[in-house]
Amino acid sequence: MKARQSPADRRVLAAVVAMVAVYFFSYFQRTAIPGTIFDPLQADLHLSATAVAGLGAVFLQIYAWMQLVAGLAADHLGGRRSLLAGGVVMCAGALAFPHSHSLTTLYASRAVTALGASFMYLSIVKETDRLFPPHRFPAIIGAVLMAGYLGGVTATLPFERAVAAWGWRASLTGAAMAMAMVLVLAFAALRGLPAPPPRAHGFSLRPLAQILANPLTRPLLLCSAINFPVYFSIQTVLGKKFLQDFCGLSSAWAAGFMLVMMLTSAVSTLAGGLLLRWTGHRRKPILIGAVLVLMTAVLVLLAGMQVRAGGWLFLGACMLMAVSTGASPAALAAMKELSPPAALAQAIAVGNCVTYVGVGAVAWMGGLVLDLHRAAAVASATGIVYPPQAYSHLFYLLLALLTLSLFSVLRVRETRGQSAWPATAEPL
């Protein structure tokens, strides 16, 4: 007979559901703007492609660098406090964005949203590590990541259909109000959790400094700054625009392709953990495979442009890009094993920081490449249509970055599931 859950168990379950719901909206905000509404933003406010892409870049740059602060905050204030405080700030920015009517206020509200969103993931990791035994940690984190991807899925075709029906301002206002209601429920659910134990040591930047100076993680960090950013910039900023401009797809069809891409990424990430066991816990083959998969996908995009292929070939290339995210568990495990064992949270924070700095940089470079071809672009009723040369030059740029990543990943040390940190290293 199945044991009945205790009130304490039910409180913990309610708290996890509440945190996951907040993270869902955090990922939605990260994914929905500007990619899904690239053309409406450009047409409504008469913005350049660089300015629109910059809305994604500014969010991701702030999100990236704040990971370092978020890791320290989660360690010293507790995940619960960090998540709730960040949630309030995130809601404020999300409510302000659809009521902004200038580029300055658009950027400011995105910055505020990013500031709050940056605390979500690491806060949940911290609380999950505190509330659950180690053997349950991977399953809970897997559910959290899946909730994030579902937020990203909602930011594609469902959001696009809402924008088509009610406009981007009303749709984003509704999403922000729903997020605010979820945050209120999270306050109620998290209030009943036991307080975290007091820390034995005071605040220190020493672990962070040791991670940044670690030569073992430098090749892996360079790969992280390129691989995921190439995928994510296509997923959230440039992919839908390319499908509309080059393939002539409608906004709904292009958003549907992005939805399939995000679903592929979710499945690949979950499968990535199983793949580690099949490879005997070798990390390096999976990391090399991810770069090769990305390079193949970009080459397919370029070849498809040469032969004027139909949209389905480009969907295949986008799905192939999404498959590369299956290397995320291997990259996370390698980052853990190549870093000081006593600084796990800070190591994850540094990895996230580098990854999203790369995402913001690639998104900004993509917008810049499009604007370099502005003279050959054509204005339409829904936005600006850029010429094929703009996208081919963009994909050649991505291919060059991935070549650099391939050389770097070959230098990553294989750990096979064991810590590679020198046993003689001075403890933190």
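Just so it is clear, the values below take in all heavy atoms, side chains as well, and ignore hydrogens, waters and symmetry mates.
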CG/Leu368 to NE2/His373 distance, rounded to the nearest 0.5 angstrom? 10.5 Å

What class does the angle between the rings of Phe232 and Phe228 fall in, given that below 30° is parallel, 30 to 60° is tilted and above 60° is perpendicular? parallel

Can you name the nearest heavy-atom pair linking Phe25 to Met179, along with the distance? CB-SD, 3.4 Å

Considering non-hydrogen atoms only, spot the tightest contact between Ser224 and Pro229 and give its length. O-CD, 3.2 Å

Shortest non-hydrogen pair, Leu238 vs Gly366, comes out as CD1-CA, 3.8 Å

Between the side chain of Gln235 and the main-chain N/O of Met262, is any donor-acceptor distance below 3.5 Å? yes

Do Met120 and Gln29 make a side-chain contact, defined as non-hydrogen atoms from C-beta onward lying under 4.5 Å apart? no

Would you call the rings of Tyr23 and Tyr121 parallel, tilted or perpendicular, taking 30° and 60° as the class edges? tilted

Passes side chain to side chain contact (heavy atoms under 4.5 Å, CB included), Asp371 versus Arg374? Steps please. CA-CA 5 Å; Asp371 274 339; Arg374 180 65 180 264; 4.3 Å; yes

Which heavy atom of Ala64 sits nearest a heavy atom of Val357, and at what distance? CB-N, 3.2 Å

Within a radius of less than 6.0 Å around CZ of Arg411, do more than 12 heavy atoms belonging to other residues, nucleotides or ligands occur? no

Walk me through it: do Tyr391 and Phe314 pass the test ring-ring contact (aromatic ring centres under 6.0 Å, His included)? CA-CA 13 Å; Tyr391 292 102; Phe314 297 110; over 10 Å; no

Is there a donor in the side chain of Ser265 and an acceptor in the side chain of Thr325, or the other way round, less than 3.5 Å apart? yes

Using side chain to side chain contact (heavy atoms under 4.5 Å, CB included), reason through Met90 and Leu183 one step at a time and then give a plain yes or no. CA-CA 10 Å; Met90 180 172 65; Leu183 185 63; over 6 Å; no

Whether Lys284 side chain and Leu410 backbone form a donor-acceptor pair below 3.5 Å: yes

Is the positively charged end of Arg30 above the ring of Tyr27, judged by distance under 6.0 angstrom from the centroid and angle within 45° of the axis? yes

Quick check: does any side chain N or O of Thr403 sit under 3.5 Å from a backbone N or O of Leu399, one acting as donor and the other as acceptor? yes

Here the pair of heavy atoms bringing Thr113 nearest to Ala94 is OG1-N, 3.1 Å

Could you pull out the closest heavy-atom pair between Thr296 and Leu320, with the gap in Å? CG2-CD2, 3.8 Å

Show your reasoning for whether side chain to side chain contact (heavy atoms under 4.5 Å, CB included) applies to Val409 and Leu222. CA-CA 8 Å; Val409 76; Leu222 180 57; over 6 Å; no

For the CD1 atom of Ile384 and the CD atom of Gln42, what is their distance to the nearest 0.5 Å? 4.0 Å

Could you tell me whether the side chain of Tyr107 and the main chain of Ala51 form a donor-acceptor pair under 3.5 Å? yes

Any heavy-atom pair between the side chains of Leu287 and Leu220 that's under 4.5 Å? yes

For the residue pair Val298 and Met321, establish whether any side-chain heavy-atom pair is separated by less than 4.5 Å. yes

Does CH2 belonging to Trp168 count more than 12 external heavy atoms closer than 6.0 Å? yes

Given 3.5 Å as the limit, does a donor-acceptor pair link the side chain of Thr36 with the main chain of Ala155, or not? yes

Taking the side chain as every heavy atom from C-beta outward, state whether Thr217 and Val350 have any pair of such atoms under 4.5 Å apart. no

Please confirm whether the backbone N or O of Gln67 pairs with a side-chain atom of Ser118, one donor and one acceptor, at under 3.5 Å? no

How far does CD of Glu160 sit from OG of Ser171, to the nearest 0.5 angstrom? 10.0 Å

Could you check if a side-chain atom of Met258 sits within less than 4.5 angstrom of a side-chain atom of Leu157, using non-hydrogen atoms only? no

With rounding to the nearest 0.5 Å, note down the distance linking CH2 in Trp364 to CG in Leu55. 15.0 Å

Between the CG atom in Leu95 and the CG atom in Leu172, the distance rounded to the nearest 0.5 Å is 10.5 Å

May I ask you to test the Arg218-Ser408 pair for a side-chain heavy-atom distance under 4.5 Å? no

Ring center gap for Phe242 and Phe395 short of 6.0 angstrom: yes

Side-chain heavy-atom pair His393, Leu372 within 4.5 angstrom cut-off: no

Taking Val291's backbone N and O only, do any of them form a donor-acceptor pair with Asn227's side chain (distance below 3.5 Å, no angle check)? no

Value rounded to 0.5 Å, distance of CG in Leu370 from CZ in Phe38: 6.0 Å

Between Leu397 and Met365, is any pair of side-chain heavy atoms under 4.5 Å apart? yes

Which class fits the ring pair Phe28 and Phe159: parallel under 30°, tilted 30 to 60°, perpendicular over 60°? perpendicular

Taking it one step at a time, do Val359 and Tyr63 satisfy side chain to side chain contact (heavy atoms under 4.5 Å, CB included)? CA-CA 10 Å; Val359 171; Tyr63 182 92; over 6 Å; no

If the threshold is 4.0 Å, N to carboxylate O, is there a salt bridge linking Glu337 and Arg283? yes

